[in-house]
Amino acid sequence: MSGEGEKPIETPEEELEANYKPPPEKTIEEILEADKEDESLRKYKETLLGEAGERKIIVDESDERKVIVKRLALCVNDRPDVELDLTTDLNELKKQVFIIKEGVSYRIRIDFIVQREIVHGLKYVQKTYRLGVPVDKMTHMVGSYPPKPELQSYTTPQEEAPAGLMSRGTYTVHSLFTDDDKNQHLKWEWCFEIKKDWKD
């Protein structure tokens, strides 16, 4: 236990986040205008931005957001992906429960659309609770993405589910898709249950 007046210990992720200063946000037009006399850099930027450098890409006119998060999938080798549709009523998601076999290796994939402008420094933050008590927090740096009409995806590094009798049970997850400018593109809750086997 820390004594009075001591600072709480920060995880390396939190320390990195606290010291990180994002670059100023720039529009596509500003990026293309900068260094335009450098032919090779101009071509590189045009290749990187693709269609976004030629025209404004708007996938859903009725949605003002730059990032539309579509799906979260639980990916386990040799098993079909289990998906959560994040375009439906988010309150209903809390009633669905992913089953995870204890000790199994898995990844989380997030499918999203970027429209209107480049999004800088996307991050996926996940806090896991059991019986209301926080048991885990992870932050994944997703990266910067140009607008595209196609779905884009990010898959987390492999994680291992806890194993053993004490780890079995239901967990609640608070997920957040955010960026360098602290825009909350989507915030949602979901649940998973660790069992001895997939069919338990």
Review point. Between atom CE of Met141 and atom OG of Ser144, what is the distance when rounded to the nearest 0.5 Å?
Key: 8.0 Å

Revision key, fill the gap. Separation between CG (Asp180) and NZ (Lys123), nearest 0.5 Å, reads 6.0 Å

Exercise for review: Would you please test Arg79 and Trp198 for side-chain contact (heavy atoms from CB on, under 4.5 Å) and show each step?
Suggested key: CA-CA 10 Å; Arg79 290 189 67 83; Trp198 295 109; 3.3 Å; yes

Practice item. Quick one: closest heavy-atom pair of Gly169 and Arg130, and the distance? Key: CA-NH2, 3.8 Å

Review point. Between Tyr106 and Asn77, is any pair of side-chain heavy atoms under 4.5 Å apart?
Key: no

Check your understanding: Are Glu189 and Asn91 side-chain neighbours, meaning at least one heavy-atom pair lies under 4.5 Å?
Key -> no

Check your understanding: What about Tyr154 and Val173, same hydrophobic cluster or not, with Ile/Leu/Val/Met/Phe/Trp/Tyr joined at side-chain heavy-atom distances under 4.5 Å?
Key -> yes

Check your understanding: Can you check side-chain contact (heavy atoms from CB on, under 4.5 Å) on Arg116 and Arg65, steps first, answer last?
Key -> CA-CA 8 Å; Arg116 301 179 189 279; Arg65 294 175 298 172; over 6 Å; no

**Study point:** Summary of ring-ring contact (aromatic ring centres under 6.0 Å, His included) pairs that have at least one residue in residues 80-100, sequence neighbours excluded
**Key:** Phe98-Trp190

Check your understanding: Should Leu151 and Ile57 be counted in the same cluster of Ile, Leu, Val, Met, Phe, Trp and Tyr side chains packed under 4.5 Å apart?
Key -> yes

Practice item. Return the minimal non-hydrogen interatomic distance between Lys101 and Lys196, and the atom names on each side. Key: CG-O, 3.6 Å

Review point. Does Ile68 offer a backbone N or O that forms a donor-acceptor pair with the side chain of Gln115 under 3.5 Å?
Key: no

**Study point:** Check: Asn183 main-chain N/O paired with Thr178 side-chain donor or acceptor under 3.5 Å
**Key:** yes

**Study point:** Validation row: Val125, Lys137 side chains within 4.5 angstrom (heavy atoms)
**Key:** yes

Review point. Are the charged groups of Asp81 and Arg109 less than 4.0 angstrom apart, N to O?
Key: yes

**Study point:** Identified side-chain contact (heavy atoms from CB on, under 4.5 Å) counterpart of Gln152 within the set Asp111, Val114, Ile113
**Key:** Val114

Check your understanding: When rounded to the nearest 0.5 angstrom, what is the spacing between CG in Leu93 and CG in Leu86?
Key -> 6.0 Å

Exercise for review: Go through the steps to decide whether Tyr145 and Phe112 satisfy the test ring-ring contact (aromatic ring centres under 6.0 Å, His included), and finish with yes or no.
Suggested key: CA-CA 10 Å; Tyr145 289 79; Phe112 56 93; 5.1 Å; yes

**Study point:** Basic-acidic side-chain contact under 4.0 Å: Arg107, Glu159
**Key:** no

Point to revise | Euclidean distance, Glu92 CD relative to Asp85 CG, rounded to 0.5 Å | key: 12.0 Å

Check your understanding: Under 4.5 Å between side-chain heavy atoms, hopping through other hydrophobics if needed: is there a path connecting Leu84 to Leu74?
Key -> yes

Review point. Mind checking whether Ile100 and Val135 sit in one hydrophobic cluster, side chains of I, L, V, M, F, W, Y counted as touching below 4.5 Å?
Key: yes

Exercise for review: Please report the shortest heavy-atom distance between Pro162 and Ile194, naming the atom on each side.
Suggested key: CD-CD1, 3.4 Å

Exercise for review: Could you tell me the separation between the NZ atom of Lys187 and the CG atom of Leu176, rounded to the nearest 0.5 Å?
Suggested key: 6.5 Å

Point to revise | Nearest heavy atoms of Glu102 and Ser167, plus distance in Å | key: OE1-OG, 4.2 Å

Exercise for review: Verify whether one side chain among Tyr124 and Ser175 offers a donor that lies under 3.5 Å from an acceptor in the other.
Suggested key: yes

Check your understanding: Can you check whether Leu72 reaches Glu83 side chain to side chain, under 4.5 Å on heavy atoms?
Key -> no

Check your understanding: Under a 4.5 Å side-chain heavy-atom rule over Ile, Leu, Val, Met, Phe, Trp and Tyr, are Val97 and Ile108 clustered together?
Key -> no

Point to revise | Spacing of NE2 belonging to His174 relative to NZ belonging to Lys127, to within rounding of 0.5 Å | key: 9.0 Å

Point to revise | Minimum heavy-atom distance Ile118-His120, with the two atoms named | key: CG2-CE1, 3.7 Å

Review point. If you measure only the distance, is there a donor-acceptor pair under 3.5 Å linking the side chains of His185 and Asp179?
Key: yes

